[in-house]
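Notes for the one structure printed next.
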Amino acid sequence: MSKFACQSGLTNMLQEPYHEATKGDDVHSTISATVLPFRDIILNEHSKSSLLLFAGALILFLIASLNIMSLFVAKYYAQQRIFLIHHALGANTRHLLVLIFSEVFFMMLCATGSSLIFAAWGVG
């Protein structure tokens with residue numbers, strides 16, 4: 001049996017149940033589809049309000065980021081005397097930066113953990 005005969009026989013076997021199930025029915029005339037962009041389905045007529053909401057969230061995020069940055073700068077100036085004492089006792093700039101970033105990393109780790117807990121609580 002040739003390769004072509006096997007393939008055509010298999011194709012006929014696969015198509016036979018389809019042809020038997022649709023005998024007498026014009027299936028192709030009853031099926032129709034409309035393709036719409038995903039953006040139009042989700043936003044519909046609320047695209048302007050969603051853009052304004054996104055802009056408001058972005059502005060709120062920038063304000064919060066500036067607030068946190070100003071708090072870190074104020075904390076640095078409050079601890080400047082401590083850093084000068086560390087420097088006088090022999091700590092170089094690298095050690096001082098490690099000290100600053102370790103404090104910042106610990107605070108960010110706590111903030112991230114608490115925000116994930118609140119997010120899970122809000123979703124669940």
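- By the side chain to side chain donor-acceptor pair (under 3.5 Å) test, His95 pairs with Asn92, sequence neighbours left out.
- Applying the salt bridge (Lys or Arg N to Asp or Glu O under 4.0 Å) definition to pairs two or more places apart or across chains, none involves residues 114-124.
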Table please: side-chain donor-acceptor pairs of residues 105-124 below 3.5 Å, with sequence neighbours left out.
residue: Thr112; atom: OG1; partner: Met108; partner atom: O; Å: 2.8
residue: Ser114; atom: OG; partner: Cys110; partner atom: O; Å: 3.2
residue: Ser114; atom: OG; partner: Ala111; partner atom: O; Å: 3.0
residue: Ser115; atom: OG; partner: Ala111; partner atom: O; Å: 3.2
residue: Ser115; atom: OG; partner: Thr112; partner atom: O; Å: 2.8

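- Cluster note: Val98 groups with no other residue, as no ILVMFWY side-chain heavy atom lies under 4.5 Å from it.
- Atom CD1 of residue Ile82 and atom CG of residue Leu99 lie 9.0 Å apart, to the nearest 0.5 angstrom.
- Sorted by first then second residue, the salt bridge (Lys or Arg N to Asp or Glu O under 4.0 Å) pairs that include residues 105-124, not counting sequence neighbours, number zero.
- In this view, Tyr76 and Phe83 satisfy the ring pair (Phe, Tyr, Trp, His ring centres under 6.0 Å) rule, not counting sequence neighbours.
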Show the atom names and distances, to 0.1 Å, of all donor-acceptor pairs under 3.5 Å that link a side chain in residues 51-73 to residues at least two apart or in another chain.
residue: Ser65; atom: OG; partner: Phe61; partner atom: O; Å: 2.9
residue: Ser70; atom: OG; partner: Leu66; partner atom: O; Å: 3.4
residue: Ser70; atom: OG; partner: Asn67; partner atom: O; Å: 2.8

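- Sorted by first and then second residue, the salt bridge (Lys or Arg N to Asp or Glu O under 4.0 Å) pairs with a member in residues 56-68 form an empty list; sequence neighbours excluded.
- Identified under the salt bridge (Lys or Arg N to Asp or Glu O under 4.0 Å) test for residues 98-109, with sequence neighbours left out: Lys75-Glu103.
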